[in-house]
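One structure is given here, and the rest of the page talks about it.
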Amino acid sequence: MLSEQGEKIALVSMPWSAAKLPSIQLATLDAALRGQNLVSDRHELYLDFCAQITPALYTLLANGDEFLIEWLFSRDYFGNETGNWLNSYEQERQRIALPNGADDSEIVEGLKMAAQYFLDQCEVQIDWGQYDIVGFSLSTQQLGASLAMARRVKRKHPAVKIVFGGSMCTGEAGGALLALCPYVDAVVRTEGEIVFPALIRRWRNQESLDGLEGVSHRNSQGSVVNEPAGALFQNNSPRPFLNYDPYFAKIDQFSLRKSLNPMLAFESSRGCWWGEKSQCSFCGLHEIMKYRPKQQDFVLEEMEHLAQRHNHGRFYAVDLIAPKQFYQTFFPEIERRGHQWQLFYEIKSNVTRKQLAAFVDGSGDVIQPGIESLQDSSLKRMHKGAHVLQNIQLMKWCREMGVTVYWNYLMSLPGEDAADYDGAAEKVRKLVHLEPPSTIRDVLITRYAPYHKTPEKYDIQNLRPHKHYDLVFPAPASVIGNFAYLFEAEWPTQDSAQQYTADLKSACRDWKRAEKHKPRLDAFRQSDGSLSIIDTRSGVETLHTLSPEEAALYLLLDEKQLDYRLAPELEEKDPLALKAISHSGDLTKKIDEWEQAGLVLREGDQVLALAVKRWRDESIILPRRKTHITRAA
């Protein structure tokens with residue numbers, strides 16, 4: 001039996017991991033290893049490359065074409081390994097989005113040299129021979145760099161065992177990566193807390209990996225063996241706290257702290273409680289949807305430990321979705337303890353006003369709510385489990401409470417038709433006072449998504465890996481098909497979608513451009529109970545004045561309401577208001593007037609007020625008007 005004394009493990013994260021975040025993947029494995037008295041070093045080498053090419057360029061590239069950034073490093077692997085420097089990709093690649101449409105040729109030439117220099121430096125500046133095992137964490141944008149580095153380490157130190165793991169390695173990808181790269185000894189296809197320590201001990205004891213569930217490896221004859229999938233990590237047992245010291249030491253070494261404004265990654269659950277029930281049709285975030293929350297007390301204690309250790313209170317939840325119970329327990333506890341943090345979460349868009357307020361009071365200030373569309377027909381096709389007015393009221397409440405919203409507008413869905421977009425552009429033009437979509441694009445087909453798993457259900461045909469895989473990772477089609485993340489296909493309305501989505505895409509682009517002018521539709525409560533609503537969406541400021549009785553009805557519409565329930569709801573809250581409005585007509589007439597003025601939005605039999613409240617309680621906030629007021633009827 002080999003002794004573990006003096007043996008060390010290297011955990012490596014290559015470009016293009018997000019530079020503003022420490023690698024929670026490496027830190028989680030490190031914590032699991034420490035819990036079993038195993039020693040590891042972490043090398044977050046993506047920070048080295050970020051410092052080399054500047055954070056601004058690194059971030060621009062990491063958020064752009066994933067084939068381009070993979071190619072910058074995969075060309076080193078295939079160029080040195082097979083003599084194919086992947087030059088044919090240069091004619092097909094997507095151009096970098098530079099200001100004023102400037103040519104990017106010189107930048108790409110510089111990046112090619114920068115990637116080579118970076119790999120050379122990583123090879124010589126780290127003594128890889130001090131490790132018996134080197135593990136690479138792979139997401140969808142880290143394969144090229146990890147292949148190149150694994151090859152260099154293995155050729156220089158043949159005795160070192162190389163293992164890949166991470167979200168890109170699940171399922172069929174495990175065996176495919178071994179077929180693609182002979183320098184990789186094993187691939188962990190599942191969550192690593194249990195499997196990775198067991199793999200290490202087997203190697204150090206010179207034992208076979210046969211029967212180790214969740215692992216792909218080579219047998220004694222060199223053939224790839226895919227062991228059965230193992231049990232999921234249940235996420236309910238304490239472990240040592242995450243340690244982000246190496247990350248902060250490195251960003252300080254490179255003087256990156258100010259430019260990156262880093263966030264502390266943490267995890268409070270795995271899987272998706274909604275996806276476990278009804279996975280969104282386009283969602284390929286993860287192979288595993290089984291929902292497993294962590295113990296709340298442990299999560300909060302770990303956050304407090306990290307905040308104190310690094311004197312830093314910006315947190316980034318890596319959860320696929322926020323735990324439902326956190327609105328009643330976790331966020332109020334953060335407020336009770338007096339923490340003044342900044343907190344990001346992915347949430348479901350159907351949260352209530354009370355839940356959002358609890359999130360805000362508990363340090364929440366940024367969300368990604370999975371809005372995806374503002375058409376009910378599209379939301380149904382996506383299996384989102386949300387109504388368009390729920391999406392809009394959430395954006396409105398976030399504007400009121402100062403929460404930043406990141407969301408994508410997805411179009412050209414399989415199964416849709418032109419009628420799905422009727423009135424969509426006109427609707428968007430009424431919403432320019434709210435947060436515009438972060439991205440506007442046609443839907444993508446990704447591995448793990450229902451579109452990929454059951455294409456026939458959506459009339460998707462000829463499903464195949466994206467054409468650029470052949471140019472960036474030249475390998476047999478069977479191998480590429482098992483690790484590719486992006487796919488191409490055909491469906492009946494795919495081509496015509498470019499015509500019937502054009503107006504909506506144009507309106508969304510106008511929305512993004514309008515953001516710099518900060519258009520407003522703001523409601524202010526006056527001392528007599530009336531409302532003053534300031535509207536600058538058209539570029540000209542307009543004042544709408546609502547009587548106290550009208551204000552009672554308008555505030556009832558702060559949350560979407562069924563139109564046939566308006567009268568009984570208003571009668572319960574303010575019977576005098578109902579009587580006064582009914583005396584001059586009826587509720588429907590008043591709603592119609594407001595809809596014509598763009599103050600409310602109707603969807604089917606539901607209606608929602610669009611103005612943003614400029615108060616959180618019963619205190620009065622009077623508007624400060626500096627521009628000309630045009631009074632509206």
Side-chain angles (χ1 to χ4, degrees), residues 274-275 277-283 321 347-353 356 367-398 405 407-443 449-451 457-459 491-494 496-497 499-508 511 557-566 588 591-592 594-596 598-610:
W274 175 253
K277 173 184 176 182
S278 177
Q279 186 175 351
C280 298
S281 60
F282 63 89
C283 177
I321 192 169
I347 70 171
K348 201 169 189 314
S349 65
N350 61 355
V351 295
T352 65
R353 169 183 277 279
L356 183 65
I367 60 171
Q368 185 167 330
I371 289 173
E372 323 302 357
S373 180
L374 298 179
Q375 297 112 251
D376 271 334
S377 56
S378 296
L379 292 171
K380 290 176 183 177
R381 295 187 195 284
M382 295 177 187
H383 314 311
K384 291 299 297 183
H387 188 280
V388 60
L389 293 188
Q390 287 176 316
N391 289 340
I392 294 171
Q393 74 185 16
L394 174 61
M395 291 193 288
K396 179 184 69 171
W397 294 340
C398 285
V405 183
W407 66 283
N408 303 315
Y409 209 133
L410 304 183
M411 306 178 195
S412 307
L413 308 175
E416 70 181 13
D417 56 39
D420 290 339
Y421 291 83
D422 289 347
E426 291 76 9
K427 182 192 307 176
V428 157
R429 294 186 180 101
K430 297 177 182 178
L431 305 176
V432 295
H433 61 299
L434 305 178
E435 195 102 40
S438 307
T439 61
I440 308 156
R441 61 173 173 80
D442 294 338
V443 72
Y451 283 158
K457 181 178 177 181
Y458 305 93
D459 202 11
W491 53 90
T493 60
Q494 188 177 33
S496 58
Q499 285 74 48
Y500 62 68
T501 62
D503 287 347
L504 177 56
K505 289 175 180 174
S506 177
C508 287
W511 187 359
L557 300 174
D558 177 63
E559 184 173 357
K560 69 181 180 69
Q561 299 289 341
L562 291 165
D563 53 11
Y564 60 82
R565 290 289 304 162
L566 285 178
T588 300
I591 299 298
D592 289 343
W594 288 344
E595 185 179 19
Q596 187 66 29
L599 298 183
V600 302
L601 187 65
R602 282 186 184 273
E603 284 285 331
D605 60 357
Q606 299 188 75
V607 60
L608 173 73
L610 294 180

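What you see is a predicted model; the values in this text were computed from it and never measured.
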Search all heavy atoms of Tyr409 against all heavy atoms of Val428 and return the closest pair with its distance. CE1-CG2, 4.3 Å

What is the minimum heavy-atom distance between His387 and Leu379, and which atoms define it? C-CD1, 3.9 Å

Could you tell me the separation between the [atom1] atom of [X] and the [atom2] atom of [Y], rounded to the nearest 0.5 Å?
X	Y	atom1	atom2	answer
Lys348	Ile371	NZ	CD1	11.5 Å
Leu610	Glu595	CG	CD	9.5 Å
Leu562	Asp605	CG	CG	5.0 Å
Lys277	His383	NZ	NE2	13.5 Å
Leu504	Ile440	CG	CD1	8.5 Å
Leu434	Leu394	CG	CG	10.0 Å

Checking Ile392 against Leu431 for the side-chain contact (heavy atoms from CB on, under 4.5 Å) test, could you report, in this order, the C-alpha distance in whole Å, the side-chain angles of both residues, the deciding distance, and whether it holds? CA-CA 8 Å; Ile392 294 171; Leu431 305 176; 3.9 Å; yes

Please indicate whether Gln499 has more than 12 foreign heavy atoms, meaning atoms of other residues, nucleotides or ligands, lying under 6.0 Å from its CD. yes

When the ring planes of Tyr451 and Tyr458 are compared, do they come out parallel, tilted or perpendicular, using 30° and 60° as the limits? perpendicular

Under the salt bridge (charged side-chain N to carboxylate O under 4.0 Å, His left out) rule, collect the residues that match up with Asp420, sequence neighbours excluded. Arg381

Which of Pro436, Cys398, Pro437 passes side chain to side chain contact (heavy atoms under 4.5 Å, CB included) with Val405? It is Cys398

For [Y], is there any backbone N or O sitting under 3.5 Å from a side-chain donor or acceptor partner on [X]?
X	Y	answer
Lys396	Glu559	no
Trp594	Leu601	no
Asp376	Val388	yes
Gln393	Lys560	yes
Trp397	Thr352	no
Trp274	Cys280	no
Gln606	Glu603	no
Asn391	Ser373	yes
Lys384	Ser281	no

Under the salt bridge (charged side-chain N to carboxylate O under 4.0 Å, His left out) rule, what do Asp442 and Lys505 come out as? Steps first, then yes or no, please. CA-CA 10 Å; Asp442 294 338; Lys505 289 175 180 174; 2.8 Å; yes

Hey, could you give me each pair passing salt bridge (Lys or Arg N to Asp or Glu O under 4.0 Å) that has a residue in residues 407-419? Not counting sequence neighbours. none

For residues Leu557 and Val600, determine if any side-chain heavy atom of one lies less than 4.5 Å from a side-chain heavy atom of the other. yes

